[in-house]
There are 2 protein chains.
Amino acid sequence: MHPLFHYINKYTIISEDDFKVFLGHFTQKKIRKKHFLLEEGEIAKHMAFIVKGAMRQYYIDEKGVEHIVNLYVENYWAVDRESFVFCTPSIYTIDAWENCEVLLISRENTLKLRNQCRAFNELLLTLDELNTIATQKRITYSISFTAEIRYKHFVDNYPYFVDRFPQHIIASYLGITKDTLSRVRKKILKK
Amino acid sequence: MHPLFHYINKYTIISEDDFKVFLGHFTQKKIRKKHFLLEEGEIAKHMAFIVKGAMRQYYIDEKGVEHIVNLYVENYWAVDRESFVFCTPSIYTIDAWENCEVLLISRENTLKLRNQCRAFNELLLTLDELNTIATQKRITYSISFTAEIRYKHFVDNYPYFVDRFPQHIIASYLGITKDTLSRVRKKILKK
DNA sequence: AAAAAACGTAGACAAATATCTATAAAATCA
DNA sequence: TGATTTTATAGATATTTGTCTACGTTTTTT
């Protein structure tokens, strides 16, 4: 059975027939390590469901420093939502950290599915709801806690990111430098 | 015409009849300044649409320090989404910064409306979409920029918050202390 | 297998931010 | 009006975090 079918059934009920229609709105693609799903300045033409692999989304500042804003692995949706919805040039880059297999859906096709397929609406609602909850938490941690607590929380809640991305990526995701994360880890190990 | 009717029509199309059904799922309430919409440890029973007034949502840490995670004024929805959706005790407090008039909808009634009213689904989808975009931006700024740039960006994008909340609240929202914000402002004025 | 790139850690120092105490002005309350 | 609370700022100092350079290890590429 298709991996996306399993995935959708975690969130809503969909018949096999509806799923065929659903899947018909996606295209398959392989993205090799270090290649781009989205480059800064481009308009995000697709949402990508990650079947296999790992990706990262980052903002590059005036000094050329990358700031990781999102990490993605299997069953995540990778997209700059703002660019995708408003068709504005993205300030983000999304690239493959590992070789990836993704399913792409265009903005046009999301709108079609929203009209045709109840399950897709349910899915979108649920995903945005969960995303809203998760980002709220991330903001709360970011403004309330020290780097040490934020890192501990990250390790507890996202062990699969810790396994697949190096420390400097995780540091950036947490809004600190790799040097600071290295010190934080040293401090934790001493205890 | 009802303020909520205007509001909904910014995001989707709704007939006056449907709006009556819609509105029937809400209850009116006044919340006086410093009174609570939600207290830490409670389960969020309602989403609140703010017709008039201003509210703030904050997390209180072990030291008793308040960390402002959200600010709300007219036409904002105030809620701890996590608590509301999963019926778990909230870690947040939401209180009225000014005397408020709100429209409350229970979890039960949101689910009813989701089944009955296409416009409500559209509205939810759009709101979560916009919220996803806005929080993504907030996270990007939080991990990428200095306090000074974050504050400038805040003033440019949320002048109506600057007008209605004191500096120490805005400082907390930005994840810095009031002292730091005061210095940042001094530095900006010098230029 | 050799070369190159990426990664993690370390130390010295700089910069940003927090903490604490104090004070004065402004807003609110009684 | 007078008293109280809230708000904003300031200075001195402590703490946290960033910057930079260096080095050894691991991983990847050729």
Side-chain angles (χ1 to χ4, degrees), chain A residues 32-35 53-54 56 58-68 71 95-100 141-152 154-155 161-191, chain B residues 32-35 53-54 56 58-68 71 95-99 141-155 161-191:
Chain A
R32 295 184 65 77
K33 191 172 172 174
K34 295 189 182 174
H35 288 230
R56 58 189 188 136
Y58 50 96
Y59 167 75
I60 303 170
D61 70 20
E62 330 73 57
K63 290 179 188 164
V65 180
E66 293 173 359
H67 299 272
I68 307 288
L71 298 174
D95 65 12
W97 189 252
E98 305 171 0
N99 290 334
C100 287
Y141 271 79
S142 148
I143 65 171
S144 306
F145 296 117
T146 61
E148 184 178 338
I149 295 177
R150 295 210 304 280
Y151 176 67
K152 280 183 179 165
F154 183 83
V155 171
F161 284 153
V162 176
D163 289 343
R164 293 173 75 172
F165 294 97
Q167 276 181 45
H168 67 271
I169 298 287
I170 290 165
S172 178
Y173 179 91
L174 294 171
I176 57 180
T177 59
K178 67 178 174 50
D179 313 75
T180 299
L181 180 55
S182 181
R183 284 178 208 119
V184 162
R185 280 165 49 84
K186 191 177 173 185
K187 199 176 157 194
I188 292 172
L189 284 174
K190 272 188 186 166
K191 292 183 180 170
Chain B
R32 294 184 66 78
K33 193 172 171 171
K34 293 190 184 174
H35 287 230
R56 59 190 187 136
Y58 50 98
Y59 167 74
I60 304 171
D61 70 21
E62 332 71 54
K63 291 180 186 162
V65 179
E66 293 172 0
H67 299 272
I68 307 289
L71 298 174
D95 65 11
W97 190 253
E98 304 171 359
N99 291 334
Y141 271 78
S142 148
I143 67 171
S144 306
F145 297 117
T146 61
E148 183 177 337
I149 294 176
R150 297 210 303 279
Y151 176 66
K152 278 183 181 164
H153 178 258
F154 183 84
V155 171
F161 284 153
V162 177
D163 288 344
R164 293 172 76 171
F165 294 96
Q167 277 181 45
H168 67 271
I169 297 286
I170 289 164
S172 177
Y173 179 92
L174 294 172
I176 57 179
T177 59
K178 65 180 174 47
D179 313 76
T180 298
L181 179 55
S182 181
R183 283 178 208 115
V184 162
R185 281 165 47 84
K186 191 179 173 183
K187 199 176 156 195
I188 293 172
L189 284 174
K190 271 187 186 165
K191 292 179 180 173

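All heavy atoms count here, side chains included; hydrogens, waters and symmetry mates do not. So you know, we letter chains A, B, ... as the sequences are listed, proteins then strands, and number each from 1.
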Problem set entry | Pair Asp95(A) + Lys34(A): basic N to acidic O under 4.0 Å | no

For this session: Measure from CD1 on Ile176(A) to P on dT9(C) and round the result to the nearest Å.
Result: 12 Å

For this session: Please tell me which of Thr146(A) and Lys178(A) maps to the more 5' nucleotide of DNA chain D, matching each residue to the nucleotide holding its nearest heavy atom.
Result: Thr146(A)

Seminar exercise, completed: When rounded to whole Å, the CD1 to C1' distance for the pair Ile188(A) and dT9(C) reads 15 Å

Exercise. Does any N or O donor sit under 3.5 Å from an N or O acceptor when you compare the side chain of Asp179(B) with the base of dA10(D)?
Worked result: yes

Exercise. Short question: side chain of Asn99(B), backbone of Lys33(B) - any donor-acceptor pair under 3.5 Å?
Worked result: yes

Problem set entry | Value in whole Å for how far the P atom of dC7(C) lies from CD1 of Ile68(A) | 11 Å

Exercise. Separation of Phe145(B) atom CZ from dA16(C) atom C1', in whole Å?
Worked result: 17 Å

Exercise. Quick one: is dT17(D) close enough that its OP1 or OP2 comes under 4.0 Å of any side-chain N or O from Thr180(A)?
Worked result: no

Exercise. What's the spacing between Gln167(A) CD and Asp179(A) CG if we round to 0.5 Å?
Worked result: 11.0 Å

For this session: Report yes or no: does Arg32(B) contribute a side-chain atom to a donor-acceptor pair with the main-chain N or O of Ala96(B) at less than 3.5 Å?
Result: no

Exercise. Could you state the NZ-C1' distance from Lys187(A) to dA10(C), rounded to the nearest angstrom?
Worked result: 17 Å

Seminar exercise, completed: From NZ of Lys63(B) across to P of dA18(C) the rounded distance in Å is 12 Å

Seminar exercise, completed: Whole-Å distance, Glu148(A) CD to dT16(D) C1', equals 12 Å

Problem set entry | Residue-phosphate contact under 4.0 Å: Ser182(B) side-chain N/O, dA8(D) OP1/OP2 | no

Exercise. Under 4.0 Å between a side-chain N/O of His168(B) and OP1 or OP2 of dT6(D), yes or no?
Worked result: no

For this session: Could you check how far CZ of Phe165(B) sits from C1' of dA27(C), rounded to whole Å?
Result: 17 Å

Exercise. So does Lys186(B) get a side-chain nitrogen or oxygen closer than 4.0 Å to the phosphate oxygens (OP1/OP2) of dT9(D)?
Worked result: no

Exercise. Could a donor-acceptor pair under 3.5 angstrom be found where the side chain of Arg183(A) meets the base of dT19(D)?
Worked result: yes

Exercise. For dA6(C), does OP1 or OP2 lie under 4.0 Å from any side-chain N or O of Gln167(A)?
Worked result: no

For this session: Measure the acute angle between the ring planes of Trp97(A) and Phe165(A), then classify it against the limits of 30° and 60° as parallel, tilted or perpendicular.
Result: tilted

